[in-house]
Amino acid sequence: MANEYVPGNNPLRDPNDKRLPRIAGPCAVVIFGVTGDLSKRKLMPAIYDLANRGLLPPGFALVGFARRDWADQDFAKEVHDAVREHARTPFREDVWEQLSQGIRFVAGEFTDDAAFDQLASTLRDLDRVRGTGGNHAFYLSIPPRFFSVVVKQLMRSGLSVSEGGAWRRVIVEKPFGHDLASAMELNEVLGEVFPTGSIFRIDHYLGKETVQNLLALRFANSLWEPIWNNHYVDHVQITMAEDIGIGSRAGYYDGIGAARDVIQNHLMQLLALTAMEEPAAFSARAVRLEKEKVLSSVVLPADLTKHTARGQYDSGWQGGRHVKGFLEEDNIPATSITETYAAIKLEIDSRRWVGVPFYLRAGKRLGRRVSEIAVVFKRAPHLPFAATDTQELSSNALVIRVQPDEGISIKFGSKVPGTQMEVRDVTMDFAYGDSFTESSPEAYERLILDVLLGDAPLFPRHREVEMSWEILDPILEHWAASGQPEGYPPGSWGPASADEMLARDGRTWRRP
Ligand code: BG6
């Protein structure tokens, strides 16, 4: 299988040397849902950024499929505008020129056989004139209710199978269902048409440098492993806070809410990577196996009222601006019980973690945009100081800042300079910007490239997705029966019940 394009086909190149740039082999990417927000803000810019970094081969093509009356040039203009507005790397005419020659558009409905036959003929044509080699990736950036019809069309039109060693892959965006049953149904639909190894489920958090660095931090160092367990760790807080509201995404968000939107996927993945054992190798199989072991050991608290919390943002002032409450947002029914904030407590039934709560929280319109994993350590068993000397000393913590200000910090106590003995919290900081000159690629750049290379470690397998739903389903059912979520002011850190939830355990949330 010719996945990789090796310039000059250097015989000295060690295929295991991961430091060398990995360049995709000839291929075409077809995006379904090109008129959507994700496509414009993330996918098209990521493809341009890859091209700009020299990671796409000359034999590359981008095909858009949508219900618009567009010619190839109209779609190319859309891509151009999206790139100009959202690309991470500078715009270069020569790169754009090369990329745009491989841009095509196919107009049609998902139910339209003729449109898919047209897509097949466009791809055949590109294989011939552009040298895409019969390698095709189909990106389903569409609501999951259309997955089934699109993959069946790909099968009917012969696009899901290839000949002569070429590959066909399908990329699916979340949500992977809205509960366990629907996730299983989706997995079945995909599995009927594509073999397991050709299905790539995107969880863009796994494409973030800082999230991958969690594996380096844990498994490339000897410093943490001895204390990464219930002897030393008091608890773990995983936070994904956003300062924005739902914007124009009412159609997607209502009925989904914070837990389904980001806890089921992003935060569960962060939990699995934080808690998992060392994988036998950095291979898709080994990493997924370890993540699955963690997810299968997760236990829910018996009392979900006391150990979970949810809220909805109220209207009010945030950052000097008056903002609408969730129930006043356009197209949100005034009776909606969808949560915009969710916090849950989970435990992991394993020798390493038993007794260590993992608190997960996510919300919109909170005080700051910040995603982080904080491993909070137990207090020193004995302090040979007077109580007043350590009043400003809290627990040691290792904080992995996923975004923004990507980095890692360690919080510990230090003596305040002077004649007295006073110990106060200080932090030691690693910031990506200080240590590396390269800026981090966008998550989608990394993940799209991995699909084109057929590299699977950063993509969740169907069992992981199902296991996350198994964990979440009872909480969602409990909330559905509990009426209206509690309000919280915009710019705050969520509803009072979330603070009470931790206070009951004698702990407090971090205020990043
Ligand atoms: C998406 C959610 O997965 O992640 C959005 O659907 C959220 O609701 C977004 O805004 C945040 O992504 P990031 O990378 O900015 O943390």
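Computed from heavy atoms alone, side chains included, the values below leave out hydrogens, waters and symmetry copies. For ligands, and for the atoms within them, numbers begin at 1 and follow the listed sequence. Nothing here was measured: the structure is a model prediction, and the numbers come from that model.
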Who gets closest to atom 3 (O) of ligand 1 by heavy atom: Gln403, Lys364, His266, Lys42?
His266

One finds that the ligand 1 atoms under 4.0 Å from a non-hydrogen atom of Lys174 are 1 (C), 2 (C), 3 (O), 6 (O)

Determine whether the side chains of Ser439 and Arg88 contain a donor N or O and an acceptor N or O closer than 3.5 Å.
yes

min-distance protein heavy atom vs atom 15 (O) of ligand 1 -> Arg369 NH2, 3.3 Å

Atom 10 (O) of ligand 1 sits nearest the protein heavy atom Glu242 OE2, 2.5 Å

Note: Tyr205, heavy atoms under 4.0 Å from ligand 1, region reported as side chain

Using distance alone, determine whether Asp261 and ligand 1 share an N or O pair under 3.5 Å.
yes

Under a 3.5 Å threshold, yes or no: a donor from one side chain and an acceptor from the other, between Asn187 and Arg201?
yes

Starting from atom 5 (C) of ligand 1, find the nearest protein heavy-atom neighbour and note its residue, name and distance.
Arg249 NH1, 3.3 Å

Cationic tip of Arg361 above Tyr341 ring, under 6.0 Å, 45° of axis
no

N/O separation below 3.5 Å, Lys208 to ligand 1:
yes

Considering only protein heavy atoms, which is closest to atom 4 (O) of ligand 1, and at what distance to one decimal place?
His204 CE1, 3.4 Å

Residues, nucleotides or ligands: over 12 heavy atoms within 6.0 Å of Arg67 CZ:
no

Do the ring centers of Trp353 and Phe358 come within less than 6.0 Å of each other?
yes

Between Tyr432 and Asp405, do the side chains contain a donor N or O and an acceptor N or O under 3.5 Å apart?
no

Just by distance, with hydrogens left out, do His235 and Gln237 show a side-chain donor and acceptor under 3.5 Å apart?
yes

